[in-house]
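The chain is numbered in sequence order, starting from 1.
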Amino acid sequence: MSRYRPRGIHGQTVEILASRILSNEYPEGATLDLTTLRAELDVSLTALREALKVLSAKGMIDARQKRGTFVQPRTSWNMLDADVMRWHTTGEPDPGLFDQLTEVRAVVEPAAARMAAERATESDLTGLSSALDAMVEASDVDTEVAADIAFHHALLLATHNDFLAQIAQIIAIGLAERDKFVHHATSSNPVPSHRAVLDAVVAHDPVAAERAMRALVDQSMTDLKNAGDNRLP
């Protein structure tokens, strides 16, 4: 999975174009006027084309003869790309995106917990325990969010499945913004549900681990709904 890191003019150009696409300033199907963009952004045609290549590789734009360069529908975007997820979660939170992320977690994480209970090494268990300890000791939202992300990342790594390890990166990005949205609006204590998962993994009990993680994700869904309700005028 590619991860684009913005650098210099080239990187800034990618970020600007991605932001405009995400905000619908350039809506689906819109044709990009490269001559106008080059002048507006004050970049070379080479730099602009390189930036467009980055977005094309992520499925956000396409270029065809006689039609030019245009914005692709969102169904064509590579949502498993770390940058696309980051761009989605930058700025005003999108509860709809968080709902979809939670649905993915409901599919992936209970099964991952079962696998972790069967495969976790001592090193994996240490990573999970350290993350939970950090969650217990957290004195502010940012620290608690970081610990939560570390726990879920460690759990997916404990499956020793390379595909799930890649998915862990995407979940971590979305989870970071989701946690900030939820933790500022609700007071649900995340420690007990995470401890139940850890205890089951430590006991190498796959059934209990899957059950505990399913309960954790169910609680996550409830917290997300409550956070959204609390923000209603």
A side-chain contact here means heavy atoms from C-beta on lying under 4.5 Å apart; do Val54 and Leu17 qualify? no
More than 12 heavy atoms of other groups within 6.0 Å of Arg195 CZ: no
Backbone N/O of Leu52 and side chain of Ser56: donor-acceptor pair under 3.5 Å: no
Scanning both residues in full, the closest heavy-atom pair of Ala154 with Gly127 reads CB-C, 4.3 Å
Examine Leu164 and Val197 and state if one hydrophobic cluster contains both, with Ile, Leu, Val, Met, Phe, Trp and Tyr joined whenever side-chain heavy atoms are less than 4.5 Å apart. no
Would the number of heavy atoms belonging to other residues, nucleotides or ligands and lying under 6.0 Å from CZ of Arg49 be above 12? no
Is the count of non-hydrogen atoms from other residues, nucleotides or ligands lying under 6.0 Å from Glu122 atom CD greater than 12? no
SB check Arg86 Glu15 (cutoff 4.0 Å): yes
Atom pair CD (Gln166) and CD1 (Ile171), whose distance is rounded to the nearest 0.5 Å: 12.0 Å
Any non-hydrogen side-chain atom of Asp205 less than 4.5 Å from a side-chain atom of Asp199? no
Distance from Leu128 atom CG to Phe151 atom CZ, nearest 0.5 Å? 5.0 Å
Find the distance between CG (Asp218) and CZ (Arg105) and round it off to the nearest 0.5 Å. 10.5 Å
Please report the shortest heavy-atom distance between Val71 and Ile21, naming the atom on each side. CG1-CG2, 3.9 Å
Below 4.5 Å, heavy atoms only, C-beta onward: do Asp148 and His194 meet side chain to side chain? yes
Show your reasoning for whether side chain to side chain contact (heavy atoms under 4.5 Å, CB included) applies to Trp87 and Val14. CA-CA 11 Å; Trp87 290 328; Val14 173; 3.8 Å; yes
Treat each ILVMFWY residue as a node, draw an edge where side-chain heavy atoms are under 4.5 Å apart, and state whether Ile149 and Val141 are in one component. yes
Do Leu41 and Gln12 make a side-chain contact, defined as non-hydrogen atoms from C-beta onward lying under 4.5 Å apart? no
Straight-line distance of Leu55 CG to Asn78 CG, nearest 0.5 Å: 12.5 Å
Any side-chain heavy-atom pair from Arg211 and Val207 closer than 4.5 angstrom? yes
Does Val108 share a hydrophobic cluster with Val201, counting links as ILVMFWY side-chain heavy atoms below 4.5 Å and allowing steps through other members? no
Less than 3.5 Å apart, any donor N or O on the side chain of Glu118 or His204 sitting next to an acceptor on the other? no
Over 12 non-hydrogen atoms of neighbours within 6.0 angstrom of CG in Asn24: yes
Main chain of Thr159, side chain of Arg119: is a donor-acceptor contact present, judged purely on distance under 3.5 Å? yes
Would you say the side-chain atoms of Asp133 and Ser130 include a donor-acceptor pair closer than 3.5 Å? no
Between Val202 and Met115, is there shared hydrophobic-cluster membership here, with clusters defined by ILVMFWY side-chain heavy atoms closer than 4.5 Å? no
Under a single-linkage definition using a 4.5 Å side-chain heavy-atom cutoff for Ile, Leu, Val, Met, Phe, Trp and Tyr, are Val191 and Val145 assigned to the same hydrophobic cluster? no
For the pair Thr69 and Asp62, evaluate side chain to side chain contact (heavy atoms under 4.5 Å, CB included) and give the outcome as yes or no after the intermediate values. CA-CA 6 Å; Thr69 302; Asp62 194 9; over 6 Å; no
Within a strict 4.5 Å, meaning less than it, do heavy atoms of the Lys58 and Trp77 side chains meet? no
Return yes if some donor-acceptor pair links the side-chain N/O of Ser76 with the main-chain N/O of Gln72 below 3.5 Å, else return no. no
Please determine, by modelled atom types, if Thr143 and Asp140 share a side-chain donor-acceptor pair under 3.5 angstrom. yes
Could you state the interatomic distance from CD (Glu40) to OG1 (Thr35), rounded to the nearest 0.5 Å? 12.5 Å
Carefully, step by step, assess Thr121 and Leu125 under the rule side chain to side chain contact (heavy atoms under 4.5 Å, CB included). CA-CA 6 Å; Thr121 64; Leu125 297 178; over 6 Å; no
Specify the closest pair of heavy atoms between Ala208 and Ala200, including all atoms of both residues, with the distance to one decimal. C-CB, 3.6 Å
Taking all non-hydrogen atoms of both residues, which atom of Ala147 and which atom of Met135 are closest, and how far apart? CB-N, 3.5 Å
Contact summary for Ala106 and Arg214, nearest pair of heavy atoms: O-NH1, 3.9 Å
Just by distance, no angles: are the side chains of Arg38 and Ser44 close enough, under 3.5 Å, to form a donor-acceptor pair? no
Separation between CD1 (Ile61) and OG1 (Thr31), nearest 0.5 Å, reads 11.5 Å
Would you say the side chain of Met60 lies within less than 4.5 Å of the side chain of Leu22, judging by non-hydrogen atoms? yes
Can you name the nearest heavy-atom pair linking His10 to Ala47, along with the distance? ND1-O, 3.9 Å
Determine whether His152 and Leu156 make a side-chain contact, defined as any pair of heavy atoms from C-beta on separated by less than 4.5 Å. no
